[in-house]
S.K.: 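Starting off with a structure, shown below.
Order of the sequence lines fixes the chain letters, A, B, ..., with proteins taken first and strands second; residue numbering starts at 1 for each chain.
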Amino acid sequence: MNKYDPVKTEAKWTKIWHQTNLNKTPEEVKDKFYNLVMFPYPSGNLHIGHWYNFAPADTLGRFSKMHGKDVLEPFGYDSFGLPAENAAIERGLMADKWTDQNIADMTKQMNKIGAMYDWDKTLKTSDPNYYKWTQWMFLKLFQDKKAYQKDGLVNWCPNDKTVLANEQVVNGECDRCGSAVERKNLKQWYFKTTAFADALIDDLDSIDWSDKIKEMQRNWIGRSVGAHINFAIDGSNEKLQVYTTRPDTIYGVTFMVVAPEHPLVSEITSEDQSKEVNNYIAEVGAKTNIDRMETKEKTGVFTGAYAVNPATNQNVPIWISEYVLMEYGTGAIMSVPAHDERDYEFAKKFGLEINQVIEGGTIEDQAHVSSGKLINSGEFDGMDSDEAKQKITTWLESKNIGQKQTNYRLRDWLISRQRYWGTPIPIIHCDNCGVVAVPEKDLPVVLPLDQKFGKDGRSPLLDNEDFLNVKCPDCGDDAKRETDTMDTFVDSSWYFLRYPNPHYQDGPFDPVAVKRWLPVDRYIGGAEHAVLHLMYARFFTKFLHSKGHLDFNEPFTKLINQGMIDGPDGKKMSKSKGNVINPDDYVDKYGADSVRMYLMFMGPYEDGGPWDPKRFEGTHRFVNKIWEMITSSYSEISVDSAVEAELESKLHKLIKKVTEDVPNVRFNTAIASMMEFVNYASSVKLKGEVSANQWNIVVNTFTKVLAPFAPFLSEELWEKLGNHESVHAQAWPIYDENLVKDDVLTIIIQINGKLRDEFLVNSEDAFYQDELERMAKEKLGDKLAGIEVIKTIVVPGKLVNFVVR
RNA sequence: GGGAGAGUGGUGGAAUUGGUAUACACGACGGACUUAAAAUCCGUUGCCGUAAGGCUUGAGGGUUCGAGUCCCUCCUCUCCCACCA
């Protein structure tokens, strides 16, 4: 018996596919399928998580290709980022050399996966030919005032020594290194993501993403509709503007709270309260984000000032407290303790007045938060909250002290980083002209390579005179370059536009190629990017669309989020736990196809799960079983036409099942049905019950079904079966509806819904209800004697149910 | 505290519109081959019961001829957000 030799086979076909240009992307495109996986960071080692990402995605691509689709399946690298810089600092390497070596290593490993990548369509974001256009994107945003500089409180990671975007702070910690994030006042570059806040929410309805991810984006953007209201301050000309979603409760406002950082605080604070107020501000200012989050109990200080409730004309005290955030709304709130839990807690703690204005609840015990009928609200008494919100807002507008206002939790994207290994921000600072954009013709602003780092990790750009010193493009005087680089998420926000023609020189992307291939039909990647990359890429697409560069406004039509592969112990893989699975160990021993098959068979793609070496063995056994079944010789022993019909029917059922499962990423059930088929076909073969001719047709067809899953194995089998053209260039087999239908159906017999018996019936008779009932009665025979049948339910082709007393 | 999702054998997991629950695989047990082991192959395997039979999809209730699937209450777990006014 000749045994399947994956190592030899895979090397052989890798070479042949390369020589025959099998994976070249078609130029003539009729029915496109842009099959994209989120590109990886070149960390240097392809781990099993990468395999889980790319191998099933490739099955989808190959499956589509066999269906006659023109498939674009590119691969590249998100190659700017901190790990390269850390390697440079810690080990004295060059960040660029380290990165390029990793790319070379990973590309070698990537070739083992058996994917249909067209290596002509590759890119890396650290390539000047690429980041030139990232800088171009910055300039376009800058020209449109959607890239701007702002002074303010920012998140600072003391370990990575850079600022972070809001999205990159998780539970008060840096999402890269886990350090506690500090708050600093710094001038930084931002992209105006909030300009597209509405579109980012509304257009979610038009794309095929999981509800989970869509909901996460909606929550992150956090749209809320309410009103701005200006409160007069007693004894001052200043107005205190607040944002509220509950204008219906304005008669219940008994105090105001402003954020400690609010600019009005210093102006309105009375002399006798100023010491206490200043102490409080200092105390809060010293806290980190984590400290702030840990503060459970409400704290605050009275400013000594009063505002006037415009509804009641009552004077209400103005307090400061850290529970009001300067970053959201106006940094000031009107407090309605009767109908807001936080205000209630605050009022109870500091003995402030509580006025109920919505009927119901037990205000003595807790805030009554739900909406309802208004009371104690003058002319608005008796109105429902929803109506009162409208009416009161209109009333405020008529008095010119308020208006309807929509607010978002989304903050503009902070994109500058005080790091070296990233795309330089194409800006020049000139003493005469201020902030000046680098002219387009001067792009790219080249990042100097071979830079040495000190132990402190200080960006070498800060000390690189050649880089720093430039002439101002406006006035020609000496000027300095911006030394911050861009967040690497900027690089990855538009890469999918460049893949169709990564060699294009006249712009960031080739408009003809983009028209041909975009938007992305399947986008596959981890759910951890729900509010990061996936939102940033949508923002870029919307911006480019608004400027007429793109004719679509959503980049990823259908999104698939694969799960995570854990270690055999069920825990997240990590070097320190010693539970990391190295795919090479398995690939070198069992072959890529077995790894691919196991990853797809282990469970639903969206769930992931632990890597189980035992179960892997099981899948590998299946691969060998296929090899044995197809390559060992077939001999007719006792040909049986009933078995021939059965085998043909099972083959067509298999085709149908796999055809339906793969587009829905149900790889596990597709493979299960292949196993079932092989089990049956093997037993037929052993007994030689079908003609050699039919057997030949069956194994040829089966090999085509197998092809997207196990590209090497199927190609070798295909050749052994005497075919000359690649199996991957074959058309997907079409199943015959008539053969999928069963000739004989099993009808079950129930009594009161419980299974009691069953019988077989020819499919053409299975839809005559009277006949089915008669047959069921006959089959049950004596069992029904003396029992009163009240009702009989007949489901044609399925069952007969006798309802008895 | 808010939002989303999920609970099925010893394990990963299958189950068209409500219509044979536990497909496929792992593990376990028994057997064949072997001096022996590995590999391979064959059988058994939801639970209780010798059997007939009964029970079974987190718990309880409901709708229905019939519920893993639909509705209500509760419990548990996972993920996301979190003083967002």
S.K.: Checking one value: the base orientation of G9(B), syn if chi is within 90 degrees of 0, otherwise anti.
M.R.: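 Classified syn.
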
S.K.: Could you check which of G54(B), G13(B), U20(B) has an atom nearest any side-chain atom of R756(A)?
M.R.: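 Taking heavy atoms from C-beta onward, the closest nucleotide is G54(B).
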
S.K.: Separation of D340(A) atom CG from G1(B) atom C1', in whole Å?
M.R.: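 So the CG-C1' distance, D340(A) to G1(B), works out to 12 Å.
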
S.K.: Quick one: side chain to side chain donor-acceptor pair (under 3.5 Å) partners of Y408(A), sequence neighbours excluded?
M.R.: D198(A)

S.K.: NA contact type, N668(A), heavy-atom cut-off 4.0 Å: base, sugar-phosphate, or nothing?
M.R.: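 Sugar-phosphate contact only.
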
S.K.: For K349(A), I'd like to know if atom NZ has over 12 heavy atoms of other residues, nucleotides or ligands within 6.0 Å.
M.R.: yes

S.K.: Could you tell me how far apart L755(A) (CG) and C55(B) (C1') are, to the nearest whole angstrom?
M.R.: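 Value for this atom pair: 14 Å.
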
S.K.: Taking only side-chain N and O atoms of Y328(A), does any of them lie within less than 4.0 angstrom of OP1 or OP2 on A85(B)?
M.R.: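 Result: yes.
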
S.K.: What is the distance, to the nearest angstrom, from the CZ atom on F667(A) to the C1' atom on G12(B)?
M.R.: 18 Å

S.K.: How does protein contact run along nucleotides 63-69 of chain B, one letter per nucleotide 5' to 3', with B for base contact, S for sugar-phosphate only, - for none, heavy atoms under 4.0 Å?
M.R.: --BS---

S.K.: Residues in side chain to side chain contact (heavy atoms under 4.5 Å, CB included) with D365(A), at least two apart?
M.R.: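 For D365(A) the side chain to side chain contact (heavy atoms under 4.5 Å, CB included) partners, ignoring immediate neighbours, are T362(A).
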
S.K.: Whole angstrom is fine here: how far is it from CD in E215(A) over to C1' in A82(B)?
M.R.: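 That distance rounds to 15 Å.
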
S.K.: Could you give the distance separating U22(B) and G10(B) at their P atoms, to the nearest angstrom?
M.R.: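 Straight-line distance between the two P atoms is 16 Å.
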
S.K.: Please name all residues satisfying side chain to side chain donor-acceptor pair (under 3.5 Å) with Q366(A), sequence neighbours left out, ordered by chain then number.
M.R.: none

S.K.: If a protein heavy atom is under 4.0 Å from the base, mark B; if only from the sugar-phosphate, S; if neither, -; do that for nucleotides 24-30 of chain B going 5' to 3'.
M.R.: BBBS---

S.K.: Kindly write out the residues that satisfy ring-ring contact (aromatic ring centres under 6.0 Å, His included) with F302(A), not counting sequence neighbours, or none if the list is empty.
M.R.: Y306(A), W319(A)

S.K.: Once you round it to whole Å, what is the distance between P of C41(B) and NZ of K687(A)?
M.R.: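 For the pair K687(A) NZ and C41(B) P, the rounded distance is 17 Å.
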
S.K.: Quick one: salt bridge (charged side-chain N to carboxylate O under 4.0 Å, His left out) pairs with a partner in residues 652-663 of chain A, sequence neighbours left out?
M.R.: K653(A)-D742(A), K656(A)-E660(A), K657(A)-D661(A), D661(A)-R666(A)

S.K.: Where does RNA chain B pair, written as one dot-bracket string 5' to 3', with Watson-Crick or G-U pairs under 3.5 Å, ( ) inside the strand, [ ] for crossing pairs and | for another strand?
M.R.: (((((((..(((......[....)))((((((.......))))))(((....)))..(((((..]....))))))))))))....

S.K.: With heavy atoms under 4.0 Å as the rule, sort R223(A) into base, sugar-phosphate or nothing.
M.R.: nothing

S.K.: Which part of the nucleic acid, if any, lies within contact of P610(A), taking any heavy atom under 4.0 Å across all strands shown: a base, the sugar-phosphate backbone alone, or nothing?
M.R.: nothing

S.K.: Give each protein N/O atom lying under 3.5 Å from an N/O atom of nucleotides 77-80 of chain B, with the pair distance.
M.R.:
none

S.K.: I need the CD1-P distance between I748(A) and U20(B), as an integer number of Å.
M.R.: 6 Å

S.K.: Please give, in whole Å, the distance from A39(B) C1' to H620(A) NE2?
M.R.: 11 Å

S.K.: According to side chain to side chain donor-acceptor pair (under 3.5 Å), who are the partners of N579(A), at least two apart in sequence or on a separate chain?
M.R.: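 Side chain to side chain donor-acceptor pair (under 3.5 Å) check on N579(A) returns D569(A).
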
S.K.: Could you state the CD-P distance from E341(A) to G2(B), rounded to the nearest angstrom?
M.R.: 8 Å

S.K.: Sequence neighbours left out, what passes side chain to side chain donor-acceptor pair (under 3.5 Å) with K239(A)? Give chain and number order.
M.R.: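 Listed in chain order: nothing, the list is empty.
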
S.K.: Quick one: side chains of residues 603-613 of chain A, donor-acceptor pairs under 3.5 Å with protein atoms, not counting sequence neighbours, listed by atom name and distance.
M.R.:
residue: Y605(A); atom: OH; partner: Y52(A); partner atom: O; Å: 2.8
residue: Y605(A); atom: OH; partner: N53(A); partner atom: O; Å: 3.2
residue: W611(A); atom: NE1; partner: Y586(A); partner atom: OH; Å: 3.2
residue: D612(A); atom: OD1; partner: K614(A); partner atom: N; Å: 2.9
residue: D612(A); atom: OD1; partner: R615(A); partner atom: N; Å: 3.4
residue: D612(A); atom: OD2; partner: R615(A); partner atom: NE; Å: 3.0

S.K.: Quick one about E167(A) and Y536(A) (side-chain donor to acceptor, distance below 3.5 Å, no hydrogens or angles considered), yes or no?
M.R.: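 A donor-acceptor contact under 3.5 Å links the two side chains.
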
S.K.: Using only atom types and a distance under 3.5 Å, with no angle test, would you say the side chain of T59(A) pairs donor to acceptor with the backbone of P708(A)?
M.R.: yes

S.K.: Ignoring hydrogens, what is the shortest heavy-atom contact between I747(A) and L799(A)? Give both atom names and the distance.
M.R.: CG2-CA, 3.8 Å

S.K.: Would you please say whether a donor-acceptor pair under 3.5 Å links the side chains of T245(A) and K389(A)?
M.R.: no

S.K.: Between E215(A) and R218(A), does any NZ, NE, NH1 or NH2 come within less than 4.0 Å of an OD or OE carboxylate oxygen?
M.R.: yes

